[in-house]
Amino acid sequence: MNTNYIDELNESQCAAVTYNDGPSLVIAGAGSGKTRVLTYKIAYLLEQENGYNPWNILALTFTNKAAREMKERIARQVGMERARYLWMGTFHSIFSRILRAEATFIGFTSQFTIYDTADSKSLLTAIIDQVLREKVHEELLRKYGNRPDLEEKEKEKVIELKKIYKPGVVQARISNAKNHLVTPTGYAANKEAYEGDMAAKMPAIRDIYARYWDRCRQAGAMDFDDLLVYTYILFRDFPEVLARYRDQFRYVLVDEYQDTNYAQHSIVLQLTKENQRVCVVGDDAQSIYSFRGADIDNILYFTKIYPNTKVFKLEQNYRSTQTIVCAANSLIEKNERQIRKAVFSEKEKGEPIGVFQAYSDVEEGDIVANKIAELRREYRYGYADFAILYRTNAQSRIFEEALRKRSIPYKIYGGLSFYQRKEIKDVIAYFRLVVNPNDEEAFKRIINYPARGIGDTTVGKIISAATDHGVSLWAALCEPLSYGLDINKGTHAKLQGFRELIESFIVDQADKNAYEIGTNIIRQSGIINDVCQDTSPENLSRKENIEELVNGMNDFCALRQEEGNPNVSLTDFLSEIALLTDQDSDKADDGERITLMTVHSAKGLEFKNVFVVGLEENLFPSGMVGDSPRALEEERRLFYVAITRAEEHCYLSFAKTRFRYGRMEFGSPSRFLRDIDVHYLQLPHEAGVSRAVDEGAGRFRREIEGGFTRSASPSRAPFGSTSSEQRERPKAQIIAPSVPRNLKKVSTVSPSNGVQATSSTSASIAGVQAGQMIEHERFGLGEVIKVEGTGDNAKATIHFKNAGDKQLLLRFARFKVVE
DNA sequence: GACGACGACCTTTTT
DNA sequence: GGTCGTCGTC
């Protein structure tokens, strides 16, 4: 435990940490130790005399990763036994926790489903179709009366309209409304919204929104935006509930405040308006998520909302060379809307930022790959010291090819996440339906998967019967007769078969943990058979993914049990994964690789060497900015984020021609290249772009610090990680015994609790004492601090070298004593 | 209900 | 250029 951490802070960091008499706004320039300030501030709050209890502190972040890392760092300061009771997490996860506890107030159950973006889009597609049909039908009826011969015309009209009502666009508008806390009623009454819809030729959006809202409620489901909207409504309509949380959260901290939207801002205000104990940290220059509803005004005008705000500016950059910092400053200066600050670095001056011109996108790939090889030779960098950042994911392919050609290892971020894969979504849909049978999207997904002869026609009938009677699809399925379902005997039997299957799982669920019920479902639903039908590569990979999921569930249950939570239900598992993203299961640190990612996903990261590529007009800045100055400024901030990821070397490149949408296109260098003071650039020796190279920038010799790599934080996904360490552990067998090929030998599953009994759960655990060193399967080496309780309740506090302090129930803990 | 052909589409994406 | 959704055929 480190008690003198205050000494490690610079003056402004220290001031920000120790001030807590009122609202504070910490403007944290890139690389200025923002996370350090937040963690130390929380530690400081906990350790003050008459200080705060951990559960009095609410700390909100945007990513699970940020929350986890911060919690670990705080645990290092104040110990895990206190840190674990902090309310620290993403907006969405904290609010879903609150909503599950208070679900009845807003007419939900605590089992509510969380629809991901795909679910919500799929539901919207269905609703758009429905609403348009009805509208067109009504209109023709009104105009011409009942004429069956107009059916064709009706169909055509619907198809035409569907081209305008694109699900993605409709979804964005509804999401935007929710982010501004506008409910369907409010939307219908909102003149501005209606005019916007008319301008977009989509007057029916208000109806679509209303129906979407109702259908979600009917299904007992919330989308990501609803988690915010309903939290706001809960606090607004039930002052006694708000009072409870307001009294509990005596101090509220928000990370990345520049990325908050109106709803998030409003909820923070609900909680803090009265006592004003709030601290927000952020950098307006790094606000790059306005397309997701983030409103930079929240940070720009924070001091207007909280008039007594004390503002702290962290301006010393500890990450980058002076040249990189100055170049970035000269760029961001071109923005109007910002909080002025003077970021500076006291590191070496460093080398100028190299600018490369390529004739084609392919050549750009070659130039970058060659430069990487050159830098590696010259400075002995590891592969992990490099990142290639681009504006769009589509640009990654060229660089992949260039790197592959030279056998340079790389990893790509982005693309389909684990939980977005079809086979995983199918399995999860079963889980979801078992937990919440009203879940419409889960229902539609699996009613005929694996194929059981229930086709689209039947599903269509169920849907219209359900909507006509205002019940869920499940309710309609259970009582087809009462809801006037017109189906034949055979279909009826198939439907009831499905109902019985799901009901058997529901019954099963009562006395089984998530892992057991999960494997049961996968076996008995027929998913296994479907996946094992043949050994095609796709099926093999699907099988592996499902195994991965099951292993994740096993880990999840085991971990929760170790922490003293014996009954891990399917609901627990689902609510955990609903808000997980791929970034959370960091398969990242599996060695020496170059990183390829979009600038957006690079936010918050740092690399010794950064290549920002594709700096062309209509690409970076994106062609979508049009003539909107606001959008252009956001693109500029995005470029600012890109440059400030670099610690030692930064390179910018553009190509004169590029393949896009299958066509060769000509491009011109990005206007952003001209926004950077030429003093900090090393321009290519080409006519037109060439300028005198600044010799004064000098050259710095980097001290080569031996063959090290930056030690990545030991953070890890709560479970389901794909790291190699865990791959080596025995896997649970879920595949039908008839097809055991290719499967590694697996351990037996103990019938009592469903958790693997492994060799490391040895008898020696009975004699664990303080002071011993142990090796845990998951957390690695650690020292036993103390042991309390006896028998089944025996609990050890262990200080892990890489994972911080943990309290584990010996009964379940999987470790062995080492000498 | 499965499969192949054809056409429309295309930014970024913390949850 | 690559993906996804729709439509027509067996």
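Lettering follows sequence order; numbering is per chain, from 1.
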Listed by chain and number, what are the side chain to side chain contact (heavy atoms under 4.5 Å, CB included) partners of A:Val182, not counting sequence neighbours? A:Ala177, A:His180, A:Tyr187
Within the modelled atom types, does a donor on one side and an acceptor on the other bring the side chain of A:Arg292 and the base of B:dT14 under 3.5 Å apart? no
Categorize A:Gly455 for me: base, sugar-phosphate, or nothing, with a 4.0 angstrom heavy-atom threshold over every strand shown. sugar-phosphate
What's the CG-P distance between A:Asp119 and B:dT15, to the nearest Å? 16 Å
When the distance from CE of A:Met597 to P of B:dT13 is rounded to whole Å, what number comes out? 10 Å
Under the ring-ring contact (aromatic ring centres under 6.0 Å, His included) test, residues paired with A:Phe620 that sit two or more places apart: A:Phe639
Could you check whether A:Lys603 makes a cation-pi contact with A:Tyr289, meaning its NZ or CZ is under 6.0 Å from the centre of the six-membered ring and within 45° of the ring axis? no
Let me know the distance between NZ of A:Lys422 and P of C:dT3, rounded to the nearest Å. 17 Å
Starting at the 5' end of DNA chain B, which residue's closest nucleotide do you reach first, A:Phe224 or A:Asn448? A:Asn448
Just wondering, do A:Tyr410 and A:Thr595 contact through their side chains at under 4.5 Å, heavy atoms? no
Strand DNA chain B as a dot-bracket string - pairs counted if Watson-Crick or G-U with both distances under 3.5 Å, | where the partner lies in another strand: ||||||||||.....
Can you list every pair that meets salt bridge (Lys or Arg N to Asp or Glu O under 4.0 Å) and has a residue in residues 618-633 of chain A, with sequence neighbours left out? A:Asp297-A:Arg630
Using a 4.0 Å cut-off on protein heavy atoms (strictly under), produce a 5'-to-3' string for nucleotides 5-12 of chain B with B for base contact, S for backbone-only sugar-phosphate contact, and - for none. -----BBB
Return the value, rounded to whole Å, for the distance between atom CG of A:Asp361 and atom P of C:dG1. 12 Å
Rounded to whole angstrom units, what separation is found between the CD atom of A:Glu401 and the C1' atom of C:dG1? 11 Å
The side chain to side chain contact (heavy atoms under 4.5 Å, CB included) partners of A:Lys162 (sequence neighbours excluded) come to A:Asp129, A:Leu132, A:Val158
Please enumerate all residues that pass ring-ring contact (aromatic ring centres under 6.0 Å, His included) together with A:Tyr230, with sequence neighbours excluded. A:Phe108, A:Trp213
Does A:Phe112 have any ring-ring contact (aromatic ring centres under 6.0 Å, His included) partners at least two apart in sequence or in another chain, and if so, which? none
Separation of C:dG5 C1' from A:Lys121 NZ (nearest whole Å): 12 Å
Partner set under side chain to side chain contact (heavy atoms under 4.5 Å, CB included) for A:Ser93, not counting sequence neighbours: A:Thr90, A:Leu579
Enumerate all atom pairs, one protein N or O and one N or O from nucleotides 8-10 of chain C, separated by less than 3.5 Å.
none

In terms of the nearest nucleotide of DNA chain B, which residue is placed more toward the 5' end: A:Gly453 or A:Val599? A:Gly453
With respect to the side chain of A:Ala451, which nucleotide from B:dA2, C:dG2, B:dT14 is positioned closest? B:dA2
Check side chain to side chain contact (heavy atoms under 4.5 Å, CB included) between A:Asn393 and all other residues, then give those that pass, not counting sequence neighbours. A:Tyr390, A:Thr598
Residues forming a ring-ring contact (aromatic ring centres under 6.0 Å, His included) with A:Tyr640, sequence neighbours excluded: none
When rounded to whole Å, the CD1 to P distance for the pair A:Ile398 and C:dG1 reads 11 Å
Tell me: CD1 of A:Ile577 to C1' of B:dT15, nearest whole Å? 14 Å
Contact between A:Leu228 and A:His92 at the side-chain level, heavy atoms closer than 4.5 Å - yes or no? yes
